[in-house]
2 protein chains.
Amino acid sequence: MARKPKQQRSKATVDAIVEAALIAIAQQGPSATTARQVADIAGIGVGSLYEYFEDKDAIFEAAGARFVDDTVAMIKPLIPELVRLNIRDAVAKLLFTFRDFLEENNQLYLKCARHAFSLDMVIYQEPINRALMDLFTQYLMHHPDMLRLPNIPALAYFYINGGVFTVVRHLSEQQPTQGFDELVTVFGDILASYAEHKLGLPEA
Amino acid sequence: MARKPKQQRSKATVDAIVEAALIAIAQQGPSATTARQVADIAGIGVGSLYEYFEDKDAIFEAAGARFVDDTVAMIKPLIPELVRLNIRDAVAKLLFTFRDFLEENNQLYLKCARHAFSLDMVIYQEPINRALMDLFTQYLMHHPDMLRLPNIPALAYFYINGGVFTVVRHLSEQQPTQGFDELVTVFGDILASYAEHKLGLPEA
DNA sequence: ATGCTTGTTCGGATTCAATTCGGAAATCAT
DNA sequence: ATGATTTCCGAATTGAATCCGAACAAGCAT
């Protein structure tokens, strides 16, 4: 970004640009949105875009960062509560909250997330994965039996990466083959089965 | 523009364009590759690109289609063999074969796959999912006990979508947190645990 | 308030990639 | 081998991305 916004006025401009980028991405995806469109939506001149952003990609990265930060901010406060639930309930609570979050603002974030899984973009989502990994870890700490599970890192890797992608894809589906509820059940069952099968029959 | 190649000569040109597109995408991703680069790699003039493709996106779609067809062609013949194995072995065999396939040609396909998970592109990958779904279904048919499993469609949806994404992401990882082998083990265990937990203790 | 410095906005000018198109070259059919 | 068809191409056009210096606004003394 060429400059740092010093005054309140320019902070608002940067903010308007990021918001506009999210709207444009949701509407048409990043590759189809032009700089002029973003400027128009933000209600500013084209040239102003480049005062605070190196190029179009930098704008999209900032928009992605906004999404990621909001997502993390949604997950973090849930952790203390989720950690006390059994696996199925924790998974269900998390997924329903996540869905509601993605559906907000007329699916603004869901429609953006559709474009976020190019593995080049995915690095910017790392904070989300870290937050979920944190949740996973803290859950294990509150259920020490589960620390005996084999392959915990690989399990978490698959569950988190595969889970986020699958949920976003399912919610984006035009005509889903099955309901979200069934998916939530399976998500919970898979993890619970793994734990119960590998350990014995714990879990209240 | 958008003509059909009639002669052998032009078929070769179209082929060269598709190959060139795959190479370019692997190197820099679609949004960073220019029409001129593709033409240069293919060893043809820029204008020739537009004889058989509407625009740059159409070229990328064709490249994607090539990848998808090759992938399906890799999966299909495996099915009869996989269907006779126990879950863990079947999953392992499939994943190792899939990895080798992605690693071919100096990771050409792996490096392309990195860019294929934007959910706009993902529709073109549907044949891959169908092939995997077919494998899943036929596996169940050969192990009829498993037909009693609850939520099979949702299970398959999560397992296939999440699995493909996770594998490609892991293989693309610069410095993986865990080995591919651990991931394969978890993939097998997760599915086997679900089956064994839900049914009783089947599976040889 | 006034003058000065710094921060901000903007749109015309520039640059570069995508796409078009008409003519030249190759292939085909007779 | 000649006319018809197919293919190839690169110069010209188009449009989006980016730059930049003039014009405007805010901060801050005095």
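Letters A, B, ... are given to chains in the order of the sequence lines, protein chains preceding strands, and every chain is numbered from 1.
- To the nearest angstrom, P of dT18(D) lies 14 Å from CD of E51(A).
- Between R3(A) and E54(A) there is no salt bridge, since none of the side-chain N atoms of the basic residue sits less than 4.0 Å from a carboxylate O of the acidic one.
- The six-membered or imidazole ring of F158(A) lies near that of F158(B), with a centre-to-centre distance under 6.0 Å.
- Position along DNA chain C of the nearest nucleotide to V46(A) versus V46(B) favours V46(A) as the more 5'-ward residue.
- We find that CG of D15(A) is positioned 13 Å from P of dT9(C), with the value rounded to whole Å.
- For the pair K56(A) NZ and dA17(D) C1', the computed distance is 8 Å after rounding to whole Å.
- Look at NZ on K11(B): it is 12 Å from P on dT6(D), rounded to the nearest Å.
- Nearest heavy-atom pair, L49(B) versus A35(B), reported as atom, atom and distance to 0.1 Å: CD1-O, 3.2 Å.
- Contact check, T13(B) against dC8(D): a side-chain N or O comes under 4.0 Å of OP1 or OP2.
- With ring centers used as reference points, Y194(A) lies 6.0 Å or more from Y194(B).
- An OP1 or OP2 oxygen of dT9(C) is reached within less than 4.0 angstrom by a side-chain nitrogen or oxygen of Y52(A).
- Among the heavy atoms of the strands, none lies under 4.0 Å from L49(A).
- In this structure, K6(A) atom NZ and dT5(C) atom P are separated by 18 Å, rounded to whole Å.
- Summarising the geometry, the separation between CZ on R36(B) and P on dG10(D) is reported as 9 Å, rounded to the nearest angstrom.
- Listed pair S48(B) / dC9(D) meets the phosphate criterion, a side-chain N or O lying under 4.0 Å from OP1 or OP2.
- Of the listed nucleotides (dG7(C), dA18(C), dT7(D)), dA18(C) has the atom at the smallest distance from the side chain of A35(B).
- An OP1 or OP2 oxygen of dT19(C) is reached within less than 4.0 angstrom by a side-chain nitrogen or oxygen of Y50(B).
- The distance from atom CZ of R3(B) to atom P of dT7(D) is 5 Å, rounded to the nearest whole Å.
- Below 30°, between 30° and 60°, or above 60°: for F117(A) and F165(B) the angle between ring planes is above 60°, a perpendicular geometry.
- Of the side-chain N and O atoms in T34(A), none sit less than 4.0 angstrom from OP1 or OP2 of dA16(D).
- Residues Q8(B) and G47(A) both approach DNA chain D. Their nearest nucleotides, taken by heavy-atom distance, put Q8(B) toward the 5′ side.
- Here the P atom of nucleotide dC20(D) and the CD atom of E54(A) are 12 Å apart, to the nearest Å.
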